[in-house]
Number of protein chains: 2
Amino acid sequence: MNAYAYASSDAIACLRQAGIPVTHQRIEIARALFSAPVHLSADQIWAKVLEASPDVSRATVYNTLRLFSEKRMIRELFVDPQRVVYDSTTTPHHHLYNIDTGEVRDISDDELRVIGEPRLPAGLVLDEIDVIVRVRNRAA
Amino acid sequence: MNAYAYASSDAIACLRQAGIPVTHQRIEIARALFSAPVHLSADQIWAKVLEASPDVSRATVYNTLRLFSEKRMIRELFVDPQRVVYDSTTTPHHHLYNIDTGEVRDISDDELRVIGEPRLPAGLVLDEIDVIVRVRNRAA
DNA sequence: TTAAATGCAAAGGTTTTGCAACATC
DNA sequence: GATGTTGCAAAACCTTTGCATTTAA
């Protein structure tokens with residue numbers, strides 16, 4: 001047992017609901033993500049997982065994060081071209097990205113709202129709308 | 001001379017206005033970008049440049065695109081984690097990204113509007129707001 | 001002439017992949 | 001026992017960097 005607020009049993013239920021076969025590694029990755037709202041890179045999540053369970057490989061973390069994204073358990077953020085950030089919150093909201101520090105913060109859906117319906121060309125289906133507010137530290 | 005609608009003299013004027021020293025390579029890269037509105041990756045732009053001028057290196061294209069972005073002559077789009085797309089249009093607008101094909105299209109500013117002012121934490125300055133509408137081909 | 005830009009090739013970092021070993025049901 | 005998952009290491013990918021050479025003003 002470790003100090004996570006999110007228990008293994010919760011993770012197992014979550015995986016089952018998503019239709020993902022349960023494994024020890026997937027449980028630990030889910031716990032690293034869902035114990036609290038996080039915005040982390042794959043390697044940061046790997047580091048967190050290793051603290052609780054040293055026998056999880058980097059490749060498994062990368063592949064599992066992709067799987068979780070496909071199942072809509074988490075959201076991929078492309079804030080920086082060289083590193084994907086995973087967001088453990090999937091309810092609709094937007095993001096504030098600090099270019100100087102790399103920090104990602106959530107913006108609530110009612111603080112910033114997207115108005116209008118994009119005319120989708122025929123044969124296309126909406127997947128999601130990403131709004132990223134990029135900020136810098138004062139004095140660029 | 002080649003078939004570009006955007007002449008070398010236009011490119012030279014554009015570079016001078018941005019405060020960038022004029023070189024043969026930068027002229028060709030500007031012509032590849034500004035002859036028509038484009039959404040292209042660095043390698044795609046390199047390929048276009050090579051058609052007109054075979055003596056431009058890949059590194060110069062990458063470095064020049066970063067320079068142009070810093071000078072706000074073009075805009076960097078992070079639609080996909082493994083490839084930056086450069087947008088030759090800098091007036092405010094949003095983007096439609098086809099996940100299946102990789103295609104990027106512009107959405108006019110009045111078709112989709114962002115309402116609200118994000119509360120910026122003290123010491124932070126707004127850089128820009130990116131709105132990316134992600135779509136798929138029907139039947140995922 | 002002199003500072004700056006370029007080209008080449010190598011390094012850098014993140015992510016994916018192939019295949020044997022393993023765990024789960 | 002059968003199918004799917006994992007681990008390892010290597011490969012793949014895009015992008016940046018160091019340094020000698022060349023170019024532009």
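Within every chain, numbering begins at 1; the chains are lettered A, B, ... in the order of the sequence lines, protein sequences first and strands thereafter.
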K.L.:
Using OP1 and OP2 only, check whether a side-chain N or O of A:Thr60 sits under 4.0 Å from D:dT6.
P.N.:
no

K.L.:
Is the shortest distance from a Lys or Arg side-chain nitrogen in B:Arg72 or B:Asp127 to a carboxylate oxygen in the other one below 4.0 Å?
P.N.:
yes

K.L.:
Between B:Val56 and B:Leu67, is there a shared hydrophobic cluster once you connect ILVMFWY residues whose side-chain heavy atoms come closer than 4.5 Å?
P.N.:
yes

K.L.:
Using a strict heavy-atom distance below 4.0 Å, which residues from residues 14-25 of chain A are in contact with DNA chain D?
P.N.:
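Nucleic-acid contacts, sorted: A:Pro21, A:Thr23, A:Gln25.
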
K.L.:
Taking CD from A:Glu28 and P from C:dA23, how many angstroms apart are they, rounded to a whole number?
P.N.:
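Taking atom P of C:dA23 as the reference, CD of A:Glu28 is at 16 Å.
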
K.L.:
Output the rest of the hydrophobic cluster of A:Val131: all Ile, Leu, Val, Met, Phe, Trp and Tyr residues reachable through side-chain heavy-atom contacts under 4.5 Å, sorted by chain and number.
P.N.:
A:Leu96, A:Ile107, A:Leu112, A:Val114, A:Leu120, A:Leu124, A:Leu126, A:Ile129, A:Val133, A:Val135, B:Leu96, B:Ile107, B:Leu112, B:Val114, B:Leu120, B:Leu124, B:Leu126, B:Ile129, B:Val131, B:Val133, B:Val135

K.L.:
Please check if any side-chain donor atom of B:Asp110 sits under 3.5 Å from a side-chain acceptor atom of B:Ser108, or the reverse.
P.N.:
yes

K.L.:
Please go through B:Ile115's hydrophobic cluster and name the other residues, only I, L, V, M, F, W, Y counting, with side-chain heavy atoms under 4.5 Å joining them.
P.N.:
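Under the 4.5 Å side-chain rule, B:Ile115 groups with A:Ile115.
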
K.L.:
Round to the nearest Å and state the distance from A:Gln44 atom CD to C:dT15 atom C1'.
P.N.:
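To the nearest whole Å, that distance equals 15 Å.
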
K.L.:
Return the value, rounded to whole Å, for the distance between atom CZ of A:Arg26 and atom C1' of C:dC22.
P.N.:
14 Å

K.L.:
Tell me the interatomic distance from A:Ile45, atom CD1, to C:dT14, atom P, rounded to whole angstroms.
P.N.:
14 Å

K.L.:
Mind checking side chain to side chain contact (heavy atoms under 4.5 Å, CB included) for B:Ala42 and listing every partner two or more places apart, or none if nothing turns up?
P.N.:
B:Tyr62, B:Leu65, B:Tyr86

K.L.:
In whole Å, I'd like the distance from the CD1 atom of A:Ile12 to the C1' atom of C:dT24.
P.N.:
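From A:Ile12 CD1 to C:dT24 C1': 12 Å.
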
K.L.:
Is it true that A:Arg31 and A:Asp10 make a salt bridge, defined as a side-chain N closer than 4.0 Å to a carboxylate O?
P.N.:
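A:Asp10 and A:Arg31: not salt-bridged.
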
K.L.:
Could you give the CZ-to-P distance, from B:Phe68 to C:dA5, as a whole number of Å?
P.N.:
12 Å

K.L.:
Tabulate protein N/O versus nucleotide N/O from nucleotides 12-18 of chain D, keeping only pairs under 3.5 Å, one per line.
P.N.:
| unit_1 | atom_1 | unit_2 | atom_2 | d |
| --- | --- | --- | --- | --- |
| D:dC14 | O3' | B:Gln82 | O | 3.4 |
| D:dT15 | OP1 | B:Val84 | N | 3.0 |
| D:dT15 | OP2 | B:Tyr62 | OH | 2.9 |

K.L.:
Testing the 3.5 Å rule here: is there a donor-acceptor pair between the side chains of B:Asp106 and B:His95?
P.N.:
yes

K.L.:
If we ignore angles and hydrogens, is there a donor and acceptor under 3.5 Å between the side chains of B:Asp55 and B:Ser53?
P.N.:
yes

K.L.:
Once you build an axis from the first five pairs and another from the last five of the helix from C:dT1-D:dA25 to C:dC25-D:dG1, how far apart in angle are they, to 10 degrees?
P.N.:
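The end axes of the helix from C:dT1-D:dA25 to C:dC25-D:dG1 are about 40° apart, to the nearest 10°.
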
K.L.:
Any salt bridge between A:Arg75 and A:Glu128, counting N to O under 4.0 Å?
P.N.:
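Between A:Glu128 and A:Arg75 there is a salt bridge, with a charged N closer than 4.0 Å to a carboxylate O.
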
K.L.:
Starting at CD of A:Glu70 and ending at P of C:dT15, how long is that distance when rounded to a whole Å?
P.N.:
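Spelled out: CD on A:Glu70 to P on C:dT15 is 15 Å.
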
K.L.:
Evaluate the ring planes of B:Phe68 and B:Phe34, with Trp represented by its six-membered ring, and classify them as parallel (under 30°), tilted (30 to 60°) or perpendicular (over 60°).
P.N.:
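Parallel: the ring planes of B:Phe68 and B:Phe34 meet at under 30°.
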
